[in-house]
2 protein chains.
Amino acid sequence: MPHTYQHPRPALTVDCVVFGLDTQHSLKVLLIRRKLPPFAGEWALPGGFVHLDESLEQAARRELREETGLDHVFLEQLYSFGAVNRDPRERVVAIAYYALVNLQEYTLHAETDASDAAWFTVTKLPPLAFDHDRILNTALARLKGKLRYEPIGFELLPKKFTLYQLQKLYETVLGYPVDKRNFRKKFLKMNVLTALDEVEPGANHRAARLYKFDEKNYQSLKETGFNFEV
Amino acid sequence: MPHTYQHPRPALTVDCVVFGLDTQHSLKVLLIRRKLPPFAGEWALPGGFVHLDESLEQAARRELREETGLDHVFLEQLYSFGAVNRDPRERVVAIAYYALVNLQEYTLHAETDASDAAWFTVTKLPPLAFDHDRILNTALARLKGKLRYEPIGFELLPKKFTLYQLQKLYETVLGYPVDKRNFRKKFLKMNVLTALDEVEPGANHRAARLYKFDEKNYQSLKETGFNFEV
DNA sequence: TCAAAAGTGTTCCTGGTACACCCATGC
DNA sequence: GCATGGGTGTACCAGGAACACTTTTGA
(Lines give C-alpha, C1' and ligand atoms only; values in the text may rest on other atoms or scores of the structure.)
Protein backbone atom coordinates (compact mmCIF):
# COMPACT_ATOMS: atom_id res chain seq x y z
CA MET A 1 0.00 0.00 0.00
CA PRO A 2 1.85 3.06 -1.22
CA HIS A 3 1.68 6.50 0.33
CA THR A 4 1.69 9.61 -1.75
CA TYR A 5 2.57 13.18 -0.81
CA GLN A 6 2.66 16.39 -2.75
CA HIS A 7 6.26 17.17 -1.76
CA PRO A 8 9.09 14.71 -1.29
CA ARG A 9 9.92 13.80 2.31
CA PRO A 10 13.05 12.56 4.00
CA ALA A 11 12.74 9.23 5.73
CA LEU A 12 12.85 9.53 9.52
CA THR A 13 14.63 7.10 11.82
CA VAL A 14 15.58 6.91 15.47
CA ASP A 15 18.98 5.49 16.45
CA CYS A 16 20.06 4.56 19.95
CA VAL A 17 23.48 4.69 21.54
CA VAL A 18 23.23 2.23 24.42
CA PHE A 19 25.92 2.48 27.09
CA GLY A 20 26.69 -0.12 29.71
CA LEU A 21 29.43 -0.63 32.25
CA ASP A 22 30.89 -4.08 32.63
CA THR A 23 32.28 -5.62 35.78
CA GLN A 24 35.81 -4.78 34.68
CA HIS A 25 34.82 -1.10 34.75
CA SER A 26 34.99 -0.61 31.03
CA LEU A 27 32.42 1.39 29.13
CA LYS A 28 30.54 -0.58 26.49
CA VAL A 29 28.25 0.25 23.60
CA LEU A 30 25.63 -2.03 22.14
CA LEU A 31 25.84 -2.59 18.40
CA ILE A 32 23.82 -4.59 15.90
CA ARG A 33 25.22 -6.40 12.91
CA ARG A 34 23.39 -5.36 9.77
CA LYS A 35 21.91 -8.09 7.63
CA LEU A 36 20.89 -6.04 4.66
CA PRO A 37 22.65 -3.59 2.41
CA PRO A 38 23.85 -0.95 2.59
CA PHE A 39 26.69 -1.83 4.96
CA ALA A 40 25.52 -5.46 5.19
CA GLY A 41 27.62 -7.32 7.75
CA GLU A 42 28.87 -4.15 9.38
CA TRP A 43 28.03 -2.96 12.86
CA ALA A 44 25.50 -0.23 13.44
CA LEU A 45 23.49 1.43 16.18
CA PRO A 46 20.12 -0.14 16.91
CA GLY A 47 17.34 1.90 15.35
CA GLY A 48 14.71 2.08 12.66
CA PHE A 49 11.92 4.05 11.11
CA VAL A 50 9.49 6.15 13.08
CA HIS A 51 5.88 5.00 12.80
CA LEU A 52 3.10 7.52 12.44
CA ASP A 53 1.31 6.52 15.62
CA GLU A 54 4.23 6.74 18.04
CA SER A 55 6.26 9.59 19.46
CA LEU A 56 10.00 9.77 18.83
CA GLU A 57 10.81 8.38 22.25
CA GLN A 58 8.27 5.61 21.82
CA ALA A 59 9.87 4.74 18.51
CA ALA A 60 13.29 4.58 20.14
CA ARG A 61 12.01 2.34 22.93
CA ARG A 62 10.23 0.07 20.48
CA GLU A 63 13.33 -0.34 18.35
CA LEU A 64 15.43 -1.08 21.43
CA ARG A 65 12.93 -3.71 22.55
CA GLU A 66 12.69 -5.32 19.14
CA GLU A 67 16.35 -5.34 18.30
CA THR A 68 17.93 -5.95 21.66
CA GLY A 69 15.23 -6.97 24.15
CA LEU A 70 16.08 -4.02 26.39
CA ASP A 71 13.14 -2.31 28.04
CA HIS A 72 12.47 0.28 30.75
CA VAL A 73 15.91 1.80 30.45
CA PHE A 74 17.10 5.37 30.94
CA LEU A 75 16.64 7.03 27.57
CA GLU A 76 17.17 10.61 26.53
CA GLN A 77 17.18 12.43 23.23
CA LEU A 78 20.68 13.25 22.01
CA TYR A 79 20.74 15.14 18.73
CA SER A 80 19.34 14.96 15.22
CA PHE A 81 21.53 14.12 12.26
CA GLY A 82 20.45 15.26 8.85
CA ALA A 83 23.39 15.59 6.49
CA VAL A 84 22.14 15.19 2.95
CA ASN A 85 24.19 12.12 2.09
CA ARG A 86 24.41 10.29 5.39
CA ASP A 87 22.50 7.35 3.89
CA PRO A 88 23.61 6.23 0.42
CA ARG A 89 20.12 5.10 -0.58
CA GLU A 90 18.10 8.22 -0.03
CA ARG A 91 17.66 11.17 2.28
CA VAL A 92 17.30 9.90 5.83
CA VAL A 93 17.18 12.07 8.94
CA ALA A 94 18.08 10.31 12.18
CA ILE A 95 16.98 11.41 15.60
CA ALA A 96 19.51 9.92 17.98
CA TYR A 97 18.85 8.86 21.56
CA TYR A 98 21.21 7.54 24.15
CA ALA A 99 20.40 4.95 26.77
CA LEU A 100 22.12 3.86 29.96
CA VAL A 101 21.72 0.31 31.18
CA ASN A 102 23.01 -1.73 34.01
CA LEU A 103 24.90 -4.61 32.49
CA GLN A 104 24.62 -6.74 35.59
CA GLU A 105 20.85 -6.78 35.70
CA TYR A 106 20.10 -6.86 31.99
CA THR A 107 20.76 -9.50 29.43
CA LEU A 108 20.25 -9.25 25.74
CA HIS A 109 17.30 -11.01 24.21
CA ALA A 110 17.02 -9.88 20.64
CA GLU A 111 13.69 -11.09 19.38
CA THR A 112 15.14 -11.58 15.96
CA ASP A 113 18.56 -13.05 16.57
CA ALA A 114 20.57 -12.40 19.68
CA SER A 115 23.86 -13.20 18.00
CA ASP A 116 23.46 -10.03 15.94
CA ALA A 117 23.76 -7.79 18.97
CA ALA A 118 26.98 -7.39 20.93
CA TRP A 119 28.67 -5.10 23.42
CA PHE A 120 31.87 -3.32 22.37
CA THR A 121 34.31 -1.42 24.51
CA VAL A 122 34.11 2.20 23.41
CA THR A 123 37.85 2.39 22.92
CA LYS A 124 37.91 -0.66 20.65
CA LEU A 125 35.10 -0.15 18.22
CA PRO A 126 34.76 -1.82 14.84
CA PRO A 127 34.05 0.35 11.79
CA LEU A 128 30.47 1.54 11.94
CA ALA A 129 27.85 1.89 9.23
CA PHE A 130 26.57 5.28 8.03
CA ASP A 131 27.61 8.22 10.21
CA HIS A 132 27.15 6.15 13.35
CA ASP A 133 30.66 6.89 14.56
CA ARG A 134 29.75 10.57 14.68
CA ILE A 135 26.55 9.82 16.53
CA LEU A 136 28.44 7.66 18.98
CA ASN A 137 31.03 10.32 19.62
CA THR A 138 28.33 12.88 20.20
CA ALA A 139 26.72 10.55 22.72
CA LEU A 140 30.01 9.97 24.47
CA ALA A 141 30.60 13.69 24.76
CA ARG A 142 27.11 14.18 26.15
CA LEU A 143 27.59 11.40 28.67
CA LYS A 144 30.87 12.87 29.86
CA GLY A 145 29.41 16.31 30.14
CA LYS A 146 26.22 15.32 31.84
CA LEU A 147 27.71 12.89 34.33
CA ARG A 148 29.30 15.74 36.26
CA TYR A 149 26.20 17.76 36.94
CA GLU A 150 23.33 15.30 36.85
CA PRO A 151 23.06 12.03 38.73
CA ILE A 152 22.68 9.84 35.66
CA GLY A 153 25.66 7.65 36.49
CA PHE A 154 23.56 5.50 38.78
CA GLU A 155 21.71 4.22 35.73
CA LEU A 156 24.87 2.39 34.76
CA LEU A 157 25.22 0.66 38.13
CA PRO A 158 23.16 -1.97 39.94
CA LYS A 159 20.65 -0.61 42.47
CA LYS A 160 23.07 -1.45 45.26
CA PHE A 161 26.65 -0.46 44.64
CA THR A 162 29.87 0.32 46.47
CA LEU A 163 31.59 3.67 46.53
CA TYR A 164 34.45 2.01 44.73
CA GLN A 165 32.15 1.07 41.84
CA LEU A 166 30.81 4.59 41.73
CA GLN A 167 34.28 6.04 41.66
CA LYS A 168 35.44 3.67 38.93
CA LEU A 169 32.40 4.66 36.90
CA TYR A 170 33.40 8.29 37.04
CA GLU A 171 37.01 7.50 36.28
CA THR A 172 36.08 5.31 33.34
CA VAL A 173 33.66 7.70 31.71
CA LEU A 174 35.57 10.89 32.39
CA GLY A 175 38.89 9.32 31.52
CA TYR A 176 40.97 10.48 34.47
CA PRO A 177 41.58 9.24 38.01
CA VAL A 178 39.97 10.92 40.98
CA ASP A 179 41.10 11.06 44.60
CA LYS A 180 39.37 8.43 46.72
CA ARG A 181 38.97 10.43 49.89
CA ASN A 182 37.79 13.59 48.20
CA PHE A 183 35.40 11.65 46.00
CA ARG A 184 33.77 9.97 49.00
CA LYS A 185 33.62 13.14 51.03
CA LYS A 186 31.96 15.01 48.21
CA PHE A 187 29.39 12.37 47.39
CA LEU A 188 28.48 11.61 50.97
CA LYS A 189 28.09 15.27 51.84
CA MET A 190 25.58 15.69 49.02
CA ASN A 191 23.09 13.50 50.85
CA VAL A 192 21.97 11.62 47.79
CA LEU A 193 23.35 8.25 48.85
CA THR A 194 21.75 5.96 51.39
CA ALA A 195 24.09 3.61 53.21
CA LEU A 196 22.64 0.12 53.44
CA ASP A 197 23.22 -2.42 56.17
CA GLU A 198 24.76 -4.72 53.64
CA VAL A 199 28.18 -5.33 52.25
CA GLU A 200 29.17 -6.45 48.82
CA PRO A 201 28.94 -10.21 48.43
CA GLY A 202 31.71 -12.46 47.20
CA ALA A 203 34.70 -10.16 47.47
CA ASN A 204 38.08 -11.75 47.94
CA HIS A 205 39.14 -8.94 50.22
CA ARG A 206 37.41 -6.83 52.84
CA ALA A 207 33.81 -6.41 51.72
CA ALA A 208 32.66 -2.86 51.02
CA ARG A 209 29.46 -1.29 52.27
CA LEU A 210 26.62 -1.05 49.76
CA TYR A 211 24.79 2.17 49.00
CA LYS A 212 21.77 3.12 46.95
CA PHE A 213 20.92 6.37 45.20
CA ASP A 214 18.33 8.31 47.18
CA GLU A 215 16.08 9.45 44.35
CA LYS A 216 13.50 11.00 46.66
CA ASN A 217 15.95 13.05 48.61
CA TYR A 218 17.64 14.15 45.41
CA GLN A 219 14.33 15.44 44.10
CA SER A 220 13.55 17.40 47.24
CA LEU A 221 17.07 18.77 47.39
CA LYS A 222 16.75 19.85 43.79
CA GLU A 223 13.58 21.79 44.57
CA THR A 224 15.41 23.74 47.24
CA GLY A 225 17.96 24.83 44.68
CA PHE A 226 20.63 22.22 45.20
CA ASN A 227 23.20 21.56 42.49
CA PHE A 228 24.47 18.07 41.95
CA GLU A 229 28.00 18.49 40.77
CA VAL A 230 30.89 16.08 40.92
CA MET B 1 4.17 16.09 -9.05
CA PRO B 2 3.33 13.60 -6.31
CA HIS B 3 5.87 11.53 -4.42
CA THR B 4 5.10 7.97 -3.42
CA TYR B 5 6.69 5.82 -0.73
CA GLN B 6 6.05 2.28 0.41
CA HIS B 7 5.57 3.32 4.06
CA PRO B 8 3.93 6.48 5.38
CA ARG B 9 6.30 9.22 6.53
CA PRO B 10 5.95 12.07 8.97
CA ALA B 11 6.46 15.51 7.52
CA LEU B 12 9.68 17.13 8.70
CA THR B 13 10.05 20.79 9.59
CA VAL B 14 12.64 23.02 11.20
CA ASP B 15 11.52 25.75 13.61
CA CYS B 16 13.68 28.56 14.93
CA VAL B 17 13.58 30.33 18.26
CA VAL B 18 15.32 33.63 17.59
CA PHE B 19 16.45 35.60 20.62
CA GLY B 20 17.48 39.22 20.67
CA LEU B 21 18.26 41.76 23.34
CA ASP B 22 16.82 45.23 22.98
CA THR B 23 18.36 48.47 24.17
CA GLN B 24 16.20 48.38 27.29
CA HIS B 25 17.88 45.10 28.24
CA SER B 26 14.82 42.98 27.70
CA LEU B 27 14.99 39.58 26.04
CA LYS B 28 12.96 39.30 22.86
CA VAL B 29 11.80 36.48 20.63
CA LEU B 30 10.97 36.77 16.98
CA LEU B 31 7.55 35.50 15.94
CA ILE B 32 5.69 35.26 12.66
CA ARG B 33 1.98 35.75 12.22
CA ARG B 34 0.47 32.80 10.41
CA LYS B 35 -1.55 33.51 7.31
CA LEU B 36 -2.96 30.06 6.71
CA PRO B 37 -4.84 27.53 8.80
CA PRO B 38 -4.32 25.88 11.12
CA PHE B 39 -3.85 28.67 13.69
CA ALA B 40 -4.33 31.36 11.02
CA GLY B 41 -3.73 34.80 12.51
CA GLU B 42 -1.86 33.41 15.50
CA TRP B 43 1.83 33.84 16.24
CA ALA B 44 4.30 31.06 15.59
CA LEU B 45 8.02 30.39 15.37
CA PRO B 46 9.57 30.92 11.97
CA GLY B 47 10.14 27.61 10.23
CA GLY B 48 9.11 25.30 7.44
CA PHE B 49 9.65 22.05 5.66
CA VAL B 50 13.06 20.50 5.13
CA HIS B 51 14.01 20.13 1.49
CA LEU B 52 15.73 17.00 0.26
CA ASP B 53 18.85 18.78 -0.93
CA GLU B 54 19.69 20.70 2.24
CA SER B 55 20.91 19.73 5.69
CA LEU B 56 18.83 20.50 8.75
CA GLU B 57 20.87 23.55 9.59
CA GLN B 58 20.73 24.76 6.01
CA ALA B 59 16.96 24.39 6.12
CA ALA B 60 16.79 26.42 9.32
CA ARG B 61 18.98 29.16 7.85
CA ARG B 62 16.95 29.25 4.65
CA GLU B 63 13.68 29.58 6.53
CA LEU B 64 15.12 32.34 8.69
CA ARG B 65 16.29 34.19 5.62
CA GLU B 66 13.01 33.79 3.78
CA GLU B 67 10.70 34.60 6.65
CA THR B 68 12.66 37.22 8.53
CA GLY B 69 15.56 38.37 6.38
CA LEU B 70 18.04 37.33 9.06
CA ASP B 71 21.26 35.78 7.82
CA HIS B 72 24.67 34.77 9.18
CA VAL B 73 23.42 34.52 12.73
CA PHE B 74 24.48 32.24 15.57
CA LEU B 75 22.37 29.09 15.16
CA GLU B 76 22.43 25.87 17.09
CA GLN B 77 20.24 22.80 17.14
CA LEU B 78 17.97 22.69 20.17
CA TYR B 79 15.79 19.59 20.32
CA SER B 80 13.39 17.56 18.19
CA PHE B 81 9.70 17.54 18.90
CA GLY B 82 7.67 14.60 17.69
CA ALA B 83 4.51 14.16 19.74
CA VAL B 84 1.95 12.38 17.60
CA ASN B 85 -0.66 15.13 17.63
CA ARG B 86 1.42 18.27 17.76
CA ASP B 87 0.05 19.32 14.37
CA PRO B 88 -3.71 18.90 13.89
CA ARG B 89 -3.40 18.19 10.17
CA GLU B 90 -1.03 15.27 10.12
CA ARG B 91 2.05 13.86 11.72
CA VAL B 92 4.78 16.49 11.71
CA VAL B 93 8.14 16.18 13.42
CA ALA B 94 9.88 19.47 14.14
CA ILE B 95 13.60 19.88 14.59
CA ALA B 96 14.03 23.05 16.57
CA TYR B 97 16.97 25.44 16.41
CA TYR B 98 17.69 28.54 18.39
CA ALA B 99 19.40 31.63 17.11
CA LEU B 100 20.97 34.61 18.81
CA VAL B 101 21.03 37.95 17.07
CA ASN B 102 22.16 41.39 17.88
CA LEU B 103 19.14 43.64 17.68
CA GLN B 104 21.19 46.75 17.22
CA GLU B 105 22.92 45.61 14.08
CA TYR B 106 20.12 43.64 12.46
CA THR B 107 16.82 44.77 11.11
CA LEU B 108 14.02 42.62 9.88
CA HIS B 109 13.45 42.33 6.18
CA ALA B 110 10.95 39.59 5.59
CA GLU B 111 11.00 38.89 1.91
CA THR B 112 7.34 38.12 2.03
CA ASP B 113 5.87 40.75 4.31
CA ALA B 114 7.79 42.36 7.12
CA SER B 115 4.66 43.28 9.05
CA ASP B 116 4.13 39.59 9.73
CA ALA B 117 7.26 39.30 11.83
CA ALA B 118 7.63 40.98 15.21
CA TRP B 119 9.73 40.89 18.36
CA PHE B 120 8.03 39.98 21.63
CA THR B 121 9.38 40.26 25.13
CA VAL B 122 9.71 36.72 26.44
CA THR B 123 7.73 37.55 29.55
CA LYS B 124 4.81 38.96 27.54
CA LEU B 125 4.15 36.45 24.84
CA PRO B 126 0.93 36.07 22.90
CA PRO B 127 -0.62 32.59 22.61
CA LEU B 128 1.44 30.54 20.21
CA ALA B 129 0.43 28.09 17.51
CA PHE B 130 1.09 24.34 17.80
CA ASP B 131 3.40 23.34 20.65
CA HIS B 132 5.57 26.37 20.03
CA ASP B 133 5.30 27.51 23.64
CA ARG B 134 6.99 24.28 24.69
CA ILE B 135 9.70 24.74 22.09
CA LEU B 136 10.24 28.30 23.23
CA ASN B 137 10.49 27.29 26.87
CA THR B 138 12.98 24.61 25.97
CA ALA B 139 15.04 27.19 24.12
CA LEU B 140 14.90 29.59 27.04
CA ALA B 141 16.08 26.89 29.42
CA ARG B 142 18.93 26.04 27.07
CA LEU B 143 19.94 29.66 26.75
CA LYS B 144 19.98 30.12 30.51
CA GLY B 145 21.96 26.98 31.03
CA LYS B 146 24.46 27.57 28.29
CA LEU B 147 25.12 31.22 28.99
CA ARG B 148 26.96 30.36 32.18
CA TYR B 149 29.56 28.05 30.73
CA GLU B 150 29.92 29.04 27.11
CA PRO B 151 30.57 32.50 25.73
CA ILE B 152 27.43 32.68 23.60
CA GLY B 153 26.14 35.83 25.26
CA PHE B 154 28.30 37.99 23.02
CA GLU B 155 26.11 36.95 20.09
CA LEU B 156 23.32 39.02 21.62
CA LEU B 157 25.45 42.16 21.89
CA PRO B 158 27.00 44.50 19.34
CA LYS B 159 30.65 43.79 18.53
CA LYS B 160 31.67 46.61 20.83
CA PHE B 161 29.91 46.68 24.16
CA THR B 162 30.31 47.99 27.68
CA LEU B 163 30.71 45.86 30.78
CA TYR B 164 27.41 47.27 31.93
CA GLN B 165 25.67 45.89 28.85
CA LEU B 166 27.30 42.53 29.39
CA GLN B 167 26.20 42.46 32.99
CA LYS B 168 22.64 43.45 32.13
CA LEU B 169 22.59 40.68 29.55
CA TYR B 170 23.43 38.11 32.20
CA GLU B 171 20.97 39.57 34.66
CA THR B 172 18.20 39.63 32.08
CA VAL B 173 18.64 36.12 30.82
CA LEU B 174 19.41 34.49 34.13
CA GLY B 175 16.75 36.43 35.95
CA TYR B 176 18.70 37.57 38.98
CA PRO B 177 21.03 40.50 39.76
CA VAL B 178 24.78 40.04 39.95
CA ASP B 179 27.37 42.03 41.85
CA LYS B 180 29.04 44.62 39.64
CA ARG B 181 32.55 44.40 41.06
CA ASN B 182 32.65 40.64 41.17
CA PHE B 183 31.21 40.35 37.68
CA ARG B 184 33.88 42.63 36.25
CA LYS B 185 36.67 40.98 38.15
CA LYS B 186 35.64 37.55 36.97
CA PHE B 187 35.19 38.47 33.34
CA LEU B 188 38.36 40.51 33.10
CA LYS B 189 40.43 37.83 34.76
CA MET B 190 39.29 35.31 32.15
CA ASN B 191 41.21 37.17 29.44
CA VAL B 192 38.52 36.85 26.85
CA LEU B 193 37.73 40.55 26.66
CA THR B 194 39.81 43.13 24.83
CA ALA B 195 39.55 46.67 26.11
CA LEU B 196 39.24 49.13 23.25
CA ASP B 197 40.47 52.72 23.16
CA GLU B 198 36.93 53.84 22.71
CA VAL B 199 34.07 54.77 24.92
CA GLU B 200 30.39 54.37 24.36
CA PRO B 201 28.93 57.20 22.29
CA GLY B 202 25.95 59.30 23.27
CA ALA B 203 25.65 58.51 26.93
CA ASN B 204 24.02 61.07 29.14
CA HIS B 205 26.43 60.24 31.94
CA ARG B 206 30.09 59.31 32.10
CA ALA B 207 30.83 57.26 28.99
CA ALA B 208 31.87 53.66 29.60
CA ARG B 209 34.81 51.94 28.00
CA LEU B 210 34.03 49.61 25.12
CA TYR B 211 35.24 46.02 24.95
CA LYS B 212 35.14 43.27 22.39
CA PHE B 213 35.10 39.53 22.81
CA ASP B 214 38.51 38.06 22.07
CA GLU B 215 37.48 35.03 20.03
CA LYS B 216 41.05 34.06 19.18
CA ASN B 217 42.28 34.11 22.72
CA TYR B 218 39.21 32.23 23.87
CA GLN B 219 39.97 29.47 21.38
CA SER B 220 43.55 29.13 22.45
CA LEU B 221 42.61 29.22 26.12
CA LYS B 222 40.07 26.49 25.47
CA GLU B 223 42.72 24.29 23.93
CA THR B 224 44.81 24.56 27.07
CA GLY B 225 41.88 23.28 29.10
CA PHE B 226 40.33 26.53 30.22
CA ASN B 227 36.73 26.59 31.38
CA PHE B 228 34.61 29.59 30.63
CA GLU B 229 32.19 29.87 33.52
CA VAL B 230 30.31 32.86 34.81
C1' DT C 1 51.26 -13.86 55.37
C1' DC C 2 50.00 -11.88 51.37
C1' DA C 3 47.08 -9.51 48.23
C1' DA C 4 43.41 -6.41 47.56
C1' DA C 5 40.66 -3.03 48.57
C1' DA C 6 38.11 -0.49 52.63
C1' DG C 7 38.07 3.20 55.20
C1' DT C 8 39.46 7.61 57.28
C1' DG C 9 41.46 13.71 58.50
C1' DT C 10 44.16 17.54 58.01
C1' DT C 11 46.44 21.27 55.77
C1' DC C 12 46.77 24.57 52.34
C1' DC C 13 45.26 27.59 49.05
C1' DT C 14 42.23 29.29 45.64
C1' DG C 15 38.40 31.44 44.45
C1' DG C 16 33.61 33.04 45.58
C1' DT C 17 30.96 36.50 48.03
C1' DA C 18 29.72 40.50 50.38
C1' DC C 19 30.14 45.16 50.55
C1' DA C 20 30.44 51.36 49.67
C1' DC C 21 32.31 55.21 47.96
C1' DC C 22 34.12 58.82 44.82
C1' DC C 23 34.30 60.09 39.76
C1' DA C 24 33.02 61.80 35.23
C1' DT C 25 29.61 63.47 32.23
C1' DG C 26 25.37 65.50 30.19
C1' DC C 27 21.46 67.92 31.01
C1' DG D 1 23.72 70.66 41.02
C1' DC D 2 21.66 66.60 40.06
C1' DA D 3 20.95 62.26 38.07
C1' DT D 4 23.08 58.37 36.00
C1' DG D 5 25.97 55.01 35.65
C1' DG D 6 31.54 54.29 35.66
C1' DG D 7 34.92 52.52 38.04
C1' DT D 8 37.59 50.48 41.91
C1' DG D 9 39.73 46.92 46.61
C1' DT D 10 39.52 44.32 50.74
C1' DA D 11 38.27 40.95 54.15
C1' DC D 12 36.15 36.73 55.10
C1' DC D 13 34.93 32.09 54.37
C1' DA D 14 33.83 27.79 52.01
C1' DG D 15 35.15 24.41 49.41
C1' DG D 16 38.59 22.02 46.26
C1' DA D 17 43.03 19.62 46.10
C1' DA D 18 46.84 17.15 47.76
C1' DC D 19 48.29 13.60 50.50
C1' DA D 20 49.43 8.08 53.56
C1' DC D 21 48.50 4.84 56.64
C1' DT D 22 45.89 1.25 59.27
C1' DT D 23 42.14 -2.27 58.92
C1' DT D 24 39.64 -6.11 57.25
C1' DT D 25 38.93 -10.13 54.73
C1' DG D 26 39.69 -14.27 51.80
C1' DA D 27 42.79 -17.24 49.67
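Reminder, nothing fancy here: chain letters follow the sequence lines and each chain counts from 1.
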Any residue meeting ring pair (Phe, Tyr, Trp, His ring centres under 6.0 Å) with A:Tyr170, in chain and number order, not counting sequence neighbours: A:Phe183, A:Phe187
Where protein sits on nucleotides 4-13 of chain D, one letter per nucleotide: B base, S sugar-phosphate only, - none, heavy atoms under 4.0 Å: BBBBBBB---
Interatomic distance, A:Lys189 NZ vs D:dA14 P [rounded to whole Å]: 10 Å
Whole-Å gap separating C1' (C:dG16) and CD (A:Glu229): 13 Å
Ring pair (Phe, Tyr, Trp, His ring centres under 6.0 Å) partners of A:Tyr164, counting only residues at least two apart: A:His25
Whole-Å gap separating P (C:dG7) and CD (A:Gln167): 12 Å
Can you list, pair by pair, the side-chain donor-acceptor contacts under 3.5 Å of residues 219-230 of chain A, counting residues two or more places apart and other chains?
residue	atom	partner	partner atom	Å
A:Gln219	NE2	A:Glu215	OE2	3.0
A:Ser220	OG	A:Asn217	O	3.1
A:Thr224	OG1	A:Leu221	O	2.8

Which residues share a side chain to side chain donor-acceptor pair (under 3.5 Å) with A:Asp22, sequence neighbours left out: A:Ser26
Atom-pair distance (CE on B:Met190; P on C:dT14), nearest Å: 19 Å
Ring centres under 6.0 angstrom apart (A:Phe161, A:Tyr211): no
Results of salt bridge (Lys or Arg N to Asp or Glu O under 4.0 Å) for A:Lys180 - residues two or more places apart only: none
